[in-house]
Amino acid sequence: MATKLTSRESDYSKWYNELVVQADLAQHSDVKGCMVIKPYGFAIWERMKDVLDQMFKDTGHVNAYFPLFIPKSYLSKEAAHVEGFAKECAVVTHYRLKNAEDGSGIVVDPDAKLEEELIVRPTSETIIWNTYKDWIQSYRDLPLLVNQWANVVRWEMRTRLFLRTTEFLWQEGHTAHETSDQAVEEARKMLEVYADFAEGWMAMPVLKGVKSANERFAGAVDTYCIEAMMQDGKALQAGTSHFLGQNFAKAFDVKFATREGGQELVWATSWGVSTRLMGALIMTHSDDAGLVLPPKLAPIEVVLVPIYKGEEQMAEIVGALQGVADQLKAAGFRVKLDDDDSKRSGWKFAEYELKGVPVRLAMGPRDLAGGTIEVARRDTRSKEIVPMDGIQSHVKGLLEEIQTSLFDRAEERRTSTTTSVDTWEEFLAALEAGGFVEAHWDGTSETEDLIKKETKATIRCIPLEGNEETGKCVRTGADSSQRVVFARAY
RNA sequence: CGGGGCGUGGCCUAGUCCGGUUACGGCGCCUGGUUUGGGACCAGGAGAUCGCAGGUUCGAAUCCUGCCGCCCCGACCA
């Protein structure tokens with residue numbers, strides 16, 4: 001483990017790949033494009049999941065679970081949806097294996113062919129709306145606010161740990177409403193939940209906006225999104241929330257009896273965030289020494305490391321640290337006392353820095369004698385010696401400061417790399433420099449395609465808080481009513 | 001699907017061009033000892049169908065043929 005990470009500057013992509021593996025977050029599985037999420041990585045995801053789950057419940061949602069397998073015919077019921085996902089579906093065709101006649105191993109039994117092939121869900125709209133059809137009869141059944149935590153499979157050509165894997169974990173909310181306005185309100189509300197989570201817990205500033213038609217979810221009327229900026233100047237879509245109109249209600253014939261006694265199609269939303277958030281979290285804060293975690297999501301907020309010579313001193317110092325650990329635990333902090341005698345303290349320092357533990361407390365014989373303790377913070381890599389008295393409130397304050405400071409630093413980086421341009425030359429230069437580029441666009445798919453082809457940049461979003469400002473499209477010179485945000489993206 | 005790279009103890013790797021006894025080294029692991037304020041040191045030890053299948057040869061990690069897998073870079077996507 002004496003290996004040094006590749007620096008971000010020399011090869012950002014390599015830095016990321018090495019960090020994920022070395023910080024013990026995940027590893028490649030033997031199946032192409034899939035990953036094993038290791039216990040430490042999963043602990044971070046569990047934190048995210050727990051917090052989000054509570055946020056969903058606080059906004060009136062309940063959890064349920066729908067099947068992994070979807071009859072192939074369901075997918076084709078909504079035209080845009082099938083168009084969007086058909087190219088990346090895993091298909092189950094058989095249900096049995098048998099020993100090969102020639103003894104060469106095990107083969108698919110051709111006699112066990114499924115009558116209707118099943119697809120492994122790339123998302124669950126179709127099977128859920130097919131089910132909602134039976135759940136919804138009256139306006140009294142609405143709104144229907146359901147979420148599920150699940151795995152999904154999308155057969156992508158190119159994958160990267162957490163950012164894009166063939167199988168990934170996520171949550172998908174699927175709601176049904178009486179009116180269009182209520183559904184739009186729901187989609188926007190969940191976007192706010194995502195934004196609050198990203199900024200308040202991940203310490204990751206996000207832009208809220210609407211996707212252009214090109215970037216819209218297959219089957220949605222509108223796709224709302226939060227977009228984050230990574231340290232290499234590339235944008236990352238961190239969460240999406242869709243207003244689905246009546247598209248799925250139409251496709252699956254989901255009608256309800258209105259207050260007036262008529263029959264109407266319901267209005268729908270869906271919204272999701274995935275293990276991709278892990279990638280966002282890593283790339284937002286981490287440095288060349290390894291992972292940097294915001295305290296609120298860190299599985300371990302404070303690690304305590306004893307420094308000692310001999311068994312007698314070890315017992316004394318570990319005993320003193322145990323007291324500190326107990327005190328911090330009682331105050332509600334996630335704490336680990338590492339009294340493993342087989343690793344030296346220096347090794348532990350490096351290890352917990354690599355793993356992004358926000359605060360480290362170290363105590364040696366000098367501290368024990370003087371009633372002090374060494375406090376190191378991961379984000380700035382600074383150390384100080386403080387009195388043992390009042391350590392709890394000191395740690396509390398420090399953790400809050402780290403959380404705030406990580407957000408501020410990320411926001412400052414985003415702000416300083418966001419540029420507003422009016423000419424094509426400026427546009428190209430800004431893209432080259434990295435970051436968000438605010439520019440006028442004539443509103444057509446053709447122009448967006450053209451720009452993407454020429455520059456690899458896409459419209460990340462049309463900001464919700466964008467100020468109305470007329471101008472001329474940066475590419476075609478046609479009229480534009482608002483600046484949109486471009487960037488190269490993950 | 002194109003382009004590139006790689007497959008050798010758990011991990012990284014030398015050896016492959018130019019075939020030759022027992023497959024180099026490091027990390028990690030086990031045992032014992034000395035150590036301990038930033039990834040300790042010494043001694044001993046365990047651990048390998050050299051990706052798979054054929055072929056050439058007295059002899060293959062090395063040469064030939066075929067296959068499989070993974071990673072990276074591009075076209076599709078969260």
Side-chain angles (χ1 to χ4, degrees), chain A residues 1-6 11 13-14 16-18 21-22 24 27-35 83-89 104-105 122-123 152-172 194 211 214-218 223 225-228 235-242 270-280 289-290 305-311 313-314 317 340-355 360-370 372-374 376 381 383 385 452-453 456 458 460 489-490:
Chain A
M1 196 63 75
T3 42
K4 273 260 193 312
L5 285 176
T6 296
D11 190 340
S13 181
K14 198 171 176 199
Y16 175 84
N17 291 338
E18 289 178 2
V21 171
Q22 288 189 32
D24 233 10
Q27 66 184 67
H28 289 282
S29 80
D30 285 347
V31 181
K32 181 182 168 64
C34 293
M35 66 176 164
E83 170 74 20
F85 284 108
K87 295 186 295 286
E88 50 192 59
C89 284
S104 63
T123 180
V152 287
V153 167
R154 296 182 187 174
W155 216 266
E156 303 286 355
M157 295 176 187
R158 229 184 112 210
T159 56
R160 292 190 70 192
L161 293 171
F162 289 118
L163 295 173
R164 181 171 293 106
T165 45
T166 300
E167 178 190 17
F168 56 96
L169 305 183
W170 78 344
Q171 58 70 214
E172 46 182 327
Y194 289 155
K211 286 292 188 190
N214 286 17
E215 300 284 318
R216 195 180 288 150
F217 175 74
T223 288
C225 63
I226 53 172
E227 291 284 328
L236 183 84
Q237 176 174 304
T240 50
S241 175
H242 316 290
S270 68
W271 29 274
V273 294
S274 72
T275 35
R276 183 178 232 206
L277 286 179
M278 292 287 291
V305 178
I307 302 161
Y308 52 83
K309 294 179 193 176
E311 279 181 31
Q313 201 173 66
M314 174 183 168
I317 290 174
D340 181 354
D341 190 36
S342 70
K343 300 280 192 293
R344 309 175 93 222
S345 52
W347 189 91
K348 293 177 187 174
F349 293 171
E351 180 70 6
Y352 291 112
E353 274 166 19
L354 182 61
K355 290 189 165 181
R360 181 184 73 231
L361 302 178
M363 183 186 282
R366 293 202 296 273
D367 294 305
L368 188 65
T372 59
I373 194 161
E374 183 189 83
R381 309 195 70 195
K383 292 193 284 199
I385 306 285
K452 183 177 181 182
K453 208 172 158 203
K456 289 177 185 160
T458 48
R460 299 321 302 155
Y490 278 97

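Note that these values count all heavy atoms, side chains included, but never hydrogens, waters or copies made by symmetry. Only a predicted model underlies this, so the values are computations on that prediction, with no experimental measurement involved. Order of the sequence lines sets the chain letters (A, B, ...), proteins ahead of strands, with each chain counted from 1.
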Give me the distance, rounded to whole Å, that separates B/C17 from B/G28 when you measure between the P atoms they each carry.
33 Å

Which listed nucleotide (B/A75, B/C71, B/G37) is nearest to the side chain of A/Lys456?
B/A75

Sticking with atom C1', work out how far B/C29 lies from B/A46, rounded to a whole angstrom.
8 Å

Suppose we call a contact any N or O donor and acceptor under 3.5 Å apart; does that hold for the side chain of A/Lys383 and the base of B/G38?
yes

Which base, if any, makes a Watson-Crick or G-U wobble pair with B/G47, both distances under 3.5 Å?
none

Determine which nucleotide pairs with B/C18, using a 3.5 Å limit on both distances of a Watson-Crick or G-U wobble pair.
none

With respect to the side chain of A/Glu351, which nucleotide from B/G39, B/C71, B/U36 is positioned closest?
B/G39

Whichever of A/Pro365 and A/Ser29 has the more 5' nearest nucleotide on RNA chain B, that residue is A/Pro365

Least distance between heavy atoms, A/Lys309 atom then A/Gln313 atom
N-OE1, 2.5 Å

Report which part of the nucleic acid A/Thr165 touches: base, sugar-phosphate, or nothing (heavy-atom distance under 4.0 Å, all strands).
base

For the side chain of A/Arg344 and the base of B/G37, is some donor closer than 3.5 Å to an acceptor across the two?
no

Under 4.0 Å, counting only non-hydrogen atoms across every strand here, what does A/Thr240 touch: a base, just sugar-phosphate, or nothing?
nothing

Any idea which heavy atoms bring A/Cys89 and A/Pro122 closest together, and the distance?
SG-CG, 3.9 Å

Polar side-chain atom of A/Arg276 near backbone of A/Leu236 as donor-acceptor pair, under 3.5 Å
no

Give me the distance, rounded to whole Å, that separates B/G66 from B/G47 when you measure between the P atoms they each carry.
38 Å

When you compare B/A14 with B/U56, how far apart are their C1' atoms, in angstrom units rounded to a whole number?
27 Å

Within this structure, what is the CD-to-P distance between A/Glu156 and B/C1, rounded to whole angstrom?
16 Å

Check the phosphate of B/A78 against A/Arg154, side-chain N and O only, distance under 4.0 Å to OP1 or OP2. Yes or no?
no

Suppose you measure atom C1' in B/C76 against the same atom in B/G7; what distance do you get, rounded to whole Å?
28 Å

Measure from CD on A/Glu18 to C1' on B/C11 and round the result to the nearest Å.
14 Å

In whole angstrom, what separates A/Tyr490's OH from B/C73's C1'?
14 Å

Among the candidates B/C77, B/G39, B/A78, find the nucleotide nearest to the side-chain atoms of A/Arg164.
B/C77

Student check: side-chain heavy atoms of A/Arg164 and A/Met157 closer than 4.5 Å
no

Residue A/Ile307, side-chain atoms from C-beta onward, closest of B/U36, B/C76, B/G38:
B/U36

Heavy-atom closest pair (A/Phe85 atom, A/Ala218 atom, distance to 0.1 Å) is CE1-CB, 4.3 Å

Checking side-chain polar atoms at under 3.5 Å, does A/Ser342 have a donor or acceptor matched by the opposite partner on A/Asp340?
yes

Between B/G74 and B/C67 - P atom distance, rounded Å
28 Å

Nucleotide paired to B/C76 in any strand shown, Watson-Crick or G-U, under 3.5 Å
none

What is the pairing partner of B/U62, taking Watson-Crick or G-U wobble pairs with both distances under 3.5 Å in any strand?
none

Say you pick atom C1' in B/A48 and the same atom in B/C63; how far apart are they, in whole Å?
23 Å

Counter-base of B/G7, judged by Watson-Crick or G-U geometry with both distances under 3.5 Å:
B/C68

If you look at every strand shown and take non-hydrogen atoms under 4.0 Å, does A/Gly310 touch a base, only sugar-phosphate, or nothing?
base

Between B/A60 and B/A23, how far apart are the two C1' atoms, rounded to whole Å?
13 Å

Would you kindly give the CE-to-P distance between A/Met157 and B/C71, to the nearest whole Å?
16 Å

Answer with base, sugar-phosphate or nothing: what part of the nucleic acid does A/Phe168 contact at a heavy-atom distance below 4.0 Å?
base

Minimal heavy-atom distance between A/Ile307 and A/Ile317, with the atoms involved, is O-CD1, 3.1 Å

It should be established whether A/Thr166 places a side-chain nitrogen or oxygen under 4.0 Å from OP1 or OP2 of nucleotide B/C77.
no

In whole Å, what is the span from the CZ atom of A/Arg160 to the P atom of B/A78?
17 Å

On RNA chain B, nearest-nucleotide positions of A/Lys343 versus A/Leu161: which is more 5'?
A/Lys343

Round to the nearest Å and state the distance from A/Asn214 atom CG to B/A78 atom P.
12 Å

Residues forming a ring pair (Phe, Tyr, Trp, His ring centres under 6.0 Å) with A/Tyr352, sequence neighbours excluded
none

Should A/Asn17 be listed as having a side-chain N or O under 4.0 Å from OP1 or OP2 of B/C72?
yes

B/U35: pairing nucleotide in any strand, Watson-Crick or G-U under 3.5 angstrom
none

Shortest side-chain distance from A/Trp347, nucleotide among B/G39, B/G38, B/A75
B/G39

To the nearest Å, give me how far apart CG (A/Asp24) and C1' (B/G28) are.
13 Å

Using whole Å, what does the distance between atom P of nucleotide B/G3 and atom CZ of A/Arg158 come to?
17 Å

Scan A/Glu353 against the nucleic acid and name what it touches under 4.0 Å (heavy atoms): base, sugar-phosphate only, or nothing.
base

The criterion is ring pair (Phe, Tyr, Trp, His ring centres under 6.0 Å); which residues satisfy it with A/Trp170, sequence neighbours excluded?
A/Phe168

Considering every strand and a 4.0 Å limit on heavy-atom distances, what is the contact class for A/Leu236: base, sugar-phosphate, or nothing?
nothing

Taking the side chain of A/Ala350 as heavy atoms from C-beta outward, which of B/G38, B/U36, B/A78 is closest to it?
B/G38

